[in-house]
Number of protein chains: 2
Amino acid sequence: MSRLSRDDVIEAAGRLFAKQGYHATSMRDLGGELGILGGSVYAHVSSKEELLVEVVQRAGRLFGESAEQAMSSSEHPEDQLKALIRGHIGVVLDHRDEAQTFLNEATALGESNRQAIVGERDTYEALFRSVIADGITEGAFRSDLDANLAATFVLSILNAIERWYRPDGRVDPASLTNDLHRFAISGIS
Amino acid sequence: MSRLSRDDVIEAAGRLFAKQGYHATSMRDLGGELGILGGSVYAHVSSKEELLVEVVQRAGRLFGESAEQAMSSSEHPEDQLKALIRGHIGVVLDHRDEAQTFLNEATALGESNRQAIVGERDTYEALFRSVIADGITEGAFRSDLDANLAATFVLSILNAIERWYRPDGRVDPASLTNDLHRFAISGIS
DNA sequence: AAGAGTAACAAACGATCGTTTGCTATCGGG
DNA sequence: CCCGATAGCAAACGATCGTTTGTTACTCTT
């Protein structure tokens with residue numbers, strides 16, 4: 001066993017936070033996952049909360065970069081929406097642990113750290129709202145449904161994926177993106 | 001201050017579990033919420049987990065009764081789906097704390113209790129799947145979208161409501177039901 | 001090859017956790 | 001009206017929590 005890096009520790013923390021939750025994970029649990037003692041983790045970080053901050057910030061940055069890339073991929077709201085959906089699914093599936101911790105354990109952050117993350121998240125979600133609002137004004141989407149509510153619905157579906165998707169299942173990411181986009185655009189009828 | 005009933009204790013537990021999570025809520029917290037000491041709670045229940053079981057079972061029963069009523073309200077899949085949606089929203093909004101605990105803290109249950117709840121939930125979700133599948137075979141819904149996936153999408157939206165809905169906001173329950181049903185049926189275009 | 005830096009250990013710190021015990025005071029049924 | 005039942009208190013139990021300390025042993029730099 002070679003010595004561990006700070007990244008190794010953060011990655012293992014994300015794994016445990018995603019599986020058991022922040023409060024149900026002790027520093028001794030984390031040490032066990034890494035093959036060291038609980039107290040030895042403090043050679044790499046200065047507190048347990050710092051681990052949570054690091055994991056959540058990492059996921060936040062991934063979502064932000066994904067959104068930035070999606071918005072610059074096209075000028076048309078419908079294509080932008082599909083790119084946003086594809087990007088979100090990609091982040092969730094490629095970085096399950098960080099995404100899961102980001103979505104479920106942000107409430108365990110201290111006040112100031114939590115507000116910073118909530119701010120990031122609001123910015124991200126506002127992109128979905130504005131893309132859908134643009135689609136309505138351009139006539140690409142129908143105009144009798146509130147854009148904010150529609151964006152909330154789409155984001156609800158996206159954020160729930162980590163709760164049911166299994167990488168070894170029969171739903172592959174590409175068809176999931178297609179089906180979700182089609183559902184968002186046309187519903188079930 | 002009169003003496004407390006077992007229901008008072010369970011209700012307060014649901015309030016704290018919903019707000020702070022199960023692991024972040026101590027028996028002394030719960031005692032403080034009730035105006036008694038932490039140890040005094042054991043005059044009403046025999047363990048902390050029993051409180052969680054009680055709260056989660058209560059929510060499970062509410063969802064089950066709501067589904068039963070919705071299914072018997074009509075023979076047509078589209079009306080049944082709308083009734084299921086209306087009922088689910090009603091349970092979430094009328095019993096926020098229990099519903100929130102049911103949705104977010106079930107993972108904190110011990111193995112056997114958790115499996116029982118997961119079973120209940122699977123039965124409930126299967127209703128949505130079968131209603132949508134029926135709607136497809138009857139021609140009420142389009143046939144090129146997987147019924148299981150569509151049900152998952154609708155349930156994702158329903159289960160996320162407790163995360164963003166504020167009772168003092170500008171979205172009232174009836175229009176939320178209508179908008180969600182319309183979104184599910186027709187999408188955003 | 002020597003020395004600086006540090007990952008990890010072993011052990012303990014005070015705080016808090018869920019829970020138990022012995023007791024007091026209050027309440028409802030005969 | 002009295003007496004058994006019990007809600008709640010005060011205090012403590014052992015376990016575990018996040019964190020700190022002092023030390024050892026390894027690794028990298030020069």
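Numbers restart at 1 for each chain; the letters A, B, ... are given by sequence-line order, proteins then strands.
Note: A:Phe153 and B:Phe153 fail the aromatic proximity criterion, with ring centroids not under 6.0 Å apart. A centroid separation of less than 6.0 Å is found between the aromatic rings of A:Tyr124 and A:His88.
Under a cutoff of 6.0 Å and an axis angle of 45°, A:Lys48 and A:Tyr42 do not form a cation-pi pair.
Contact of the A:Thr152 side chain with the A:Arg129 side chain is registered, since non-hydrogen atoms from C-beta on lie closer than 4.5 Å.
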Under 3.5 Å, which N/O atoms of the protein pair with N/O atoms of nucleotides 5-10 of chain C?
residue : atom : partner : partner atom : Å
C:dA7   : OP2  : A:Ala43 : O            : 2.9
C:dA7   : O4'  : A:Arg3  : NE           : 3.1
C:dA7   : O4'  : A:Arg3  : NH2          : 2.4
C:dA8   : OP1  : A:Leu4  : N            : 3.0
C:dA8   : OP2  : A:His44 : NE2          : 2.8
C:dC9   : OP2  : A:Leu37 : N            : 2.7
C:dC9   : OP2  : A:Ser40 : OG           : 3.0

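Looking at A:Glu98, its side chain never comes within 3.5 Å of a backbone N or O of A:Arg58 through a donor-acceptor pair.
Salt-bridge formation is detected for the pair A:Glu11/A:Arg15: a Lys NZ or Arg NE/NH1/NH2 atom is positioned less than 4.0 Å from an Asp or Glu carboxylate oxygen.
Note that the first and last nucleotides of DNA chain D, 5' to 3', having any atom under 4.0 angstrom from a heavy atom of chain A are D:dC17 to D:dT27.
With sequence neighbours excluded, the residues satisfying side chain to side chain contact (heavy atoms under 4.5 Å, CB included) with A:Ala83 are A:Ala70, A:Ser73.
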